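Order of the sequence lines sets the chain letters (A, B, ...), proteins ahead of strands, with each chain counted from 1. All of these numbers come straight from a predicted model, not from anything done at the bench.
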Amino acid sequence: MMYRKLPKSFYLDDDVVSRARALLGCRLWTRINGAVTAGVIEETEAYDGLTDRASHAYGGRRTRRTSVFYRSGGIAYTYLCYGIHTLFNVITGPEDIPQAVLIRAVAPCEGLDTILARRKQERIQRNTAGGPGLVSQALGITISLNGSDLTGNSVWLTSGAEDEQPLDSDIQASPRIGIDYAGKDALLPWRFRIKDSPFTSPAR
DNA sequence: AGTCCGATATGCT
DNA sequence: GCATATCGGACTC
């Protein structure tokens, strides 16, 4: 079975909510110091820069950190959260339109020994890569990957196996996590998860 | 199930 | 300078 890299055109779609849904069931891969690991994406969140108070690029804010938001889709946005956790986002949309999809959970599927070693676990379990900071730990993602081309060879995405692609009816939408500061935008149903995924937590 | 708190880059004053 | 953050693990009820 070959997994085809998602083409640039996938990322250039200007509807970030549709991209957050479309990424469910795709595979996120890394090659770190020669070790290849991957997981099936089971939970995402959309961040629509210009209008979304939860986005780092809200209102068109341009800073050194947010500069990658404004590049055309198909690159990584990684940053340090709470001083400890690296969070991984997929930049989408055309140049100058700041949009991103946060990857919140994956089901480990390749390089399991490497993933378990990074997580200091004996076996794959709920919290191996269930949570945005844990996705990065499990796949070895660090802020040095910020801006990386997602069609490259360090971090990339592919379509999933046929039985990994969820039907619309398998996708549950709910409000996003950890953005209470965003006012009414905190209520937007822009978190998406594959129903019954053991690697994600149910809707609030 | 609820509370606490780490450890630091970032953005604003 | 200073408050804050797209979280997770440890600990207490």
What does the 5'-to-3' dot-bracket notation of DNA chain B look like when only Watson-Crick and G-U wobble pairs under 3.5 Å count, and pairs to other strands show as |?
||||||.|||||.
Do NZ/NE/NH1/NH2 and the carboxylate oxygens of A:Arg27 and A:Glu110 come within less than 4.0 Å?
yes
Verdict with reasoning, A:Glu95 to A:Ser72, per side chain to side chain donor-acceptor pair (under 3.5 Å):
CA-CA 4 Å; A:Glu95 188 172 4; A:Ser72 63; 5.7 Å; no
Chain A contact limits on DNA chain B, taken 5' to 3' with a cut-off of 4.0 angstrom to heavy atoms:
B:dG6 to B:dC12
Can you name the side chain to side chain donor-acceptor pair (under 3.5 Å) partners of A:Ser18, sequence neighbours left out?
none
Using the test ring-ring contact (aromatic ring centres under 6.0 Å, His included), find all partners of A:Tyr79 that sit at least two apart in sequence or belong to another chain.
A:His56, A:Tyr77
On DNA chain B, check which nucleotide each of A:Ile143 and A:His85 is closest to and give me the residue with the more 5' one.
A:His85
Side-chain donor-acceptor contact under 3.5 Å, A:Thr128 with A:Gln121:
yes
Using a distance-only test with no angle check, is there a side-chain donor-acceptor pair under 3.5 angstrom linking A:Thr37 and A:Trp29?
no
Go through the structure and list residues passing side chain to side chain contact (heavy atoms under 4.5 Å, CB included) with A:Ile171, not counting sequence neighbours.
A:Arg21, A:Leu24, A:Pro166, A:Asp168, A:Phe192
Under the side chain to side chain contact (heavy atoms under 4.5 Å, CB included) rule, collect the residues that match up with A:Ala105, sequence neighbours excluded.
A:Glu43, A:Thr200
Review item, nucleotides 3-6 of chain C N/O atoms under 3.5 Å of protein N/O:
unit_1: C:dT6; atom_1: OP1; unit_2: A:His56; atom_2: NE2; d: 2.3
unit_1: C:dT6; atom_1: OP1; unit_2: A:Tyr79; atom_2: OH; d: 3.1
unit_1: C:dT6; atom_1: OP2; unit_2: A:His56; atom_2: NE2; d: 3.4
unit_1: C:dT6; atom_1: OP2; unit_2: A:Tyr181; atom_2: OH; d: 2.8
unit_1: C:dT6; atom_1: O5'; unit_2: A:Tyr79; atom_2: OH; d: 3.4
unit_1: C:dT6; atom_1: N1; unit_2: A:Tyr79; atom_2: OH; d: 3.2
unit_1: C:dT6; atom_1: N3; unit_2: A:Asn89; atom_2: OD1; d: 3.1

Restricting to salt bridge (charged side-chain N to carboxylate O under 4.0 Å, His left out), what partner residues turn up for A:Asp149, sequence neighbours left out?
A:Lys8
What residues form a side chain to side chain contact (heavy atoms under 4.5 Å, CB included) with A:Tyr70, not counting sequence neighbours?
A:Ala57, A:Arg62, A:Thr66, A:Asp96, A:Pro98
Quick test: give all pairs of protein nitrogen or oxygen and nucleotides 9-13 of chain C nitrogen or oxygen below 3.5 Å, distance rounded to 0.1 Å.
unit_1: C:dG9; atom_1: OP1; unit_2: A:Arg119; atom_2: NH2; d: 3.2

Indicate the atoms forming the closest heavy-atom contact of A:Arg71 with A:Ile91, along with that distance.
O-CG2, 3.8 Å
Rounded to whole angstrom, note down the P distance from B:dA7 over to C:dG1.
23 Å
Applying salt bridge (charged side-chain N to carboxylate O under 4.0 Å, His left out) to A:Arg193 and not counting sequence neighbours gives none
Pairwise P distance, B:dG2 and C:dT6 [rounded to whole Å]:
23 Å
Residues at least two apart in sequence or cross-chain that pass side chain to side chain contact (heavy atoms under 4.5 Å, CB included) with A:Ala138, listed by chain then number, are A:Ile115, A:Arg119, A:Ala129
